[in-house]
S.K.: 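Submitted below is the structure of interest, expressed as C-alpha cells.
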Amino acid sequence: EITCRDWSSDVCSSDLVQRWCLSLSLFSALASREKKPIKSRQSACWVSIISKRFVDLFLSQMQTLSQFFSQIPVLYKTAALLLLSNCFMTFAWYAHLKNLGSSPLWVAVISSWLIAFFEYCIMVPANRIGFSGLSLGQLKILQEVISLGIFVPFAFLYMKQPLKLDYLWASLCMLGAAYFMFRDKL
C-alpha cells in the first residue's frame with residue numbers, strides 16, 4: 001500500500017512528479033480563483049499517487065486490449081480496418097460531387113485531401129497488418145471487394161443513384177477474383 005507519510009517515497013520523490021504535482025496544484029488554484037497556489041507536499045503527493053494508480057490501470061487495460069487484438073486473425077483485422085478506411089476513401093473521392101459541385105476546384109481538392117488523410121491513417125496500418133499474413137494480390141483483391149461493398153450503398157443511399165444490375169455483375173466478378181486469390185486459404 002502506498003502512503004503519503006513520507007514525501008521521499010519512490011512514488012513522490014521524482015523531481016518530474018513533484019513538478020507535475022506542483023503544476024496541477026497551480027492549475028487547481030487558478031481554476032478555483034484562489035490567490036495562492038496550493039503548495040502542500042501532502043496534497044501534491046496524493047495527486048501523484050492517484051496519477052500513478054491511474055497510469056498503472058491504463059497500462060494494464062492496454063495490455064489486455066493488446067492481448068485481445070493479438071488473438072484476432074490477420075484477415076479479420078485487415079478487413080475491419082480496410083472497411084473503415086474505404087468509408088473515408090469513398091467520401092473523399094465522391095462526396096464533393098454532391099456537396100461541393102458549385103465550389104471552386106481547389107476547395108474540393110483540399111477538402112478531399114483532408115478526408116483522405118484519415119483514410120491513409122487507417123489504410124496504411126491495415127496494409128501492414130494484412131501483408132504479414134496475406135499475399136500482395138490477396139490484399140489488393142480484399143481491398144477492391146470491400147471498396148465495391150462500400151461504394152454501392154454509398155451511391156444508392158448518399159448520392160441517390162439508382163441501383164443497376166451492373167453492380168451485381170461487377171460484384172460477382174469481384175467474388176470470382178476473390179475466390180481465385182484466396183482458394184489456397186479456403
Side-chain angles (χ1 to χ4, degrees), residues 20 23-24 26-28 30-33 51 54-55 58-59 61-66 68-186:
W20 185 74
S23 300
L24 280 178
L26 287 169
F27 179 76
S28 171
L30 290 173
S32 63
R33 299 183 193 275
S51 301
F54 174 76
V55 167
F58 177 76
L59 290 176
Q61 292 301 318
M62 290 306 293
Q63 185 177 15
T64 303
L65 280 173
S66 175
F68 171 74
F69 284 119
S70 68
Q71 294 174 356
I72 298 174
V74 168
L75 179 63
Y76 296 152
K77 285 189 275 193
T78 303
L81 289 171
L82 285 175
L83 192 99
L84 187 59
S85 165
N86 273 277
C87 290
F88 283 103
M89 178 192 75
T90 303
F91 270 90
W93 284 10
Y94 302 109
H96 66 89
L97 298 174
K98 179 179 180 180
N99 301 330
L100 301 173
S102 61
S103 298
L105 183 60
W106 67 269
V107 172
V109 168
I110 290 175
S111 61
S112 292
W113 278 352
L114 290 173
I115 296 169
F117 170 76
F118 294 105
E119 176 219 343
Y120 276 84
C121 288
I122 301 165
M123 187 263 308
V124 169
N127 285 334
R128 284 192 175 197
I129 291 168
F131 195 61
S132 70
L134 303 171
S135 72
L136 189 60
Q138 290 172 330
L139 196 56
K140 180 60 180 171
I141 291 298
L142 178 63
Q143 192 278 329
E144 292 300 331
V145 168
I146 290 172
S147 181
L148 186 62
I150 295 293
F151 178 77
V152 172
F154 173 83
F156 179 69
L157 298 172
Y158 187 77
M159 298 295 286
K160 307 294 186 205
Q161 297 292 308
L163 281 178
K164 298 179 181 179
L165 275 178
D166 292 343
Y167 292 133
L168 175 65
W169 307 136
S171 298
L172 290 175
C173 289
M174 293 299 291
L175 287 176
Y179 169 76
F180 286 112
M181 291 306 292
F182 286 93
R183 66 181 166 178
D184 64 331
K185 295 207 183 258
L186 297 175

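Both backbone and side-chain heavy atoms feed into the values below; hydrogens, waters and symmetry mates do not.
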S.K.: At their closest point, which heavy atom of Phe88 faces which heavy atom of Ile115, and how far apart are they?
M.R.: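 In terms of heavy atoms, the two residues are closest at O-CG2, 3.4 Å.
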S.K.: Could you pull out the closest heavy-atom pair between Ala108 and Leu100, with the gap in Å?
M.R.: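 That closest heavy-atom pairing would be CA-CD1, 3.9 Å.
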S.K.: Keeping Ser85 on the side-chain end and Leu81 on the backbone end, is there a donor-acceptor pair under 3.5 Å?
M.R.: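 No.
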S.K.: Check whether any side-chain heavy atom of Leu163 sits under 4.5 Å from a side-chain heavy atom of Val152, and report yes or no.
M.R.: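 With C-beta onward as the side chain, the pair touches.
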S.K.: Looking only at heavy atoms, what is the nearest atom pair of Lys98 and Tyr158, with distance?
M.R.: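 Where Lys98 meets Tyr158 most closely, the heavy atoms are NZ-O, 2.7 Å.
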S.K.: Any ring-ring contact (aromatic ring centres under 6.0 Å, His included) involving residues 95-119? Give me the pairs, sequence neighbours left out, ordered by first then second residue.
M.R.: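 Those involving residues 95-119 do not exist here.
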S.K.: Parallel under 30°, tilted from 30 to 60°, perpendicular over 60°: which one fits the rings of Tyr94 and Phe154?
M.R.: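 Tilted, since the angle between the ring planes falls between 30° and 60°.
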S.K.: If we ignore hydrogens and angles and just use 3.5 Å, is the side chain of Lys77 paired with the main-chain N or O of Ile129 as donor and acceptor?
M.R.: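 Checking the backbone N and O of Ile129 against the side chain of Lys77, no donor-acceptor pair under 3.5 Å is found.
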S.K.: Give a yes or no answer on whether the side chain of Ser112 reaches the backbone of Val109 with a donor-acceptor pair at less than 3.5 Å.
M.R.: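 No, the answer is negative, given that no donor and acceptor are paired below the 3.5 Å cut-off.
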S.K.: Rounded to the nearest 0.5 Å, how far does CG of Leu168 lie from SG of Cys173?
M.R.: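 Rounded to the nearest 0.5 Å, the SG-CG separation comes out at 9.5 Å.
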S.K.: Within a strict 4.5 Å, meaning less than it, do heavy atoms of the Phe180 and Ile141 side chains meet?
M.R.: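 They are not in side-chain contact.
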S.K.: Could you tell me whether the side chain of Thr90 and the main chain of Cys87 form a donor-acceptor pair under 3.5 Å?
M.R.: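 Side chain of Thr90 to backbone of Cys87: no pair is present.
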S.K.: Rounded to the nearest 0.5 Å, what separation is found between the CZ atom of Phe151 and the CE atom of Met89?
M.R.: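 The CE atom of Met89 is 9.5 Å from CZ of Phe151, to the nearest 0.5 Å.
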S.K.: Nearest heavy-atom pair of Val145 and Met174: which atoms, and what distance?
M.R.: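 Heavy atoms of Val145 and Met174 come nearest at N-CE, 3.6 Å.
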S.K.: Indicate the atoms forming the closest heavy-atom contact of Leu139 with Phe131, along with that distance.
M.R.: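 Shortest heavy-atom separation between Leu139 and Phe131 comes out as CD2-N, 4.1 Å.
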S.K.: For Thr78 and Ala126, work out which heavy atoms get closest and say how close.
M.R.: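 Smallest interatomic distance, heavy atoms only, reads CG2-O, 3.5 Å.
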S.K.: Taking side chain as C-beta onward, heavy atoms only, is Met181 less than 4.5 Å from Glu144?
M.R.: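 Met181 does not reach Glu144 side chain to side chain.
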S.K.: Going from CG on Leu134 to CG on Leu75, what distance comes out if it is rounded to the nearest 0.5 angstrom?
M.R.: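 One finds 5.5 Å between CG of Leu134 and CG of Leu75.
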S.K.: Would you give the length of the straight line joining atom CD1 of Ile146 to atom CG of Asn86, rounded to the nearest 0.5 angstrom?
M.R.: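 Output value for this atom pair is 6.5 Å.
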S.K.: Does any part of the side chain of Asp184, heavy atoms only, come nearer than 4.5 Å to the side chain of Gln138, both counted from C-beta?
M.R.: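 Gln138 reaches Asp184 side chain to side chain.
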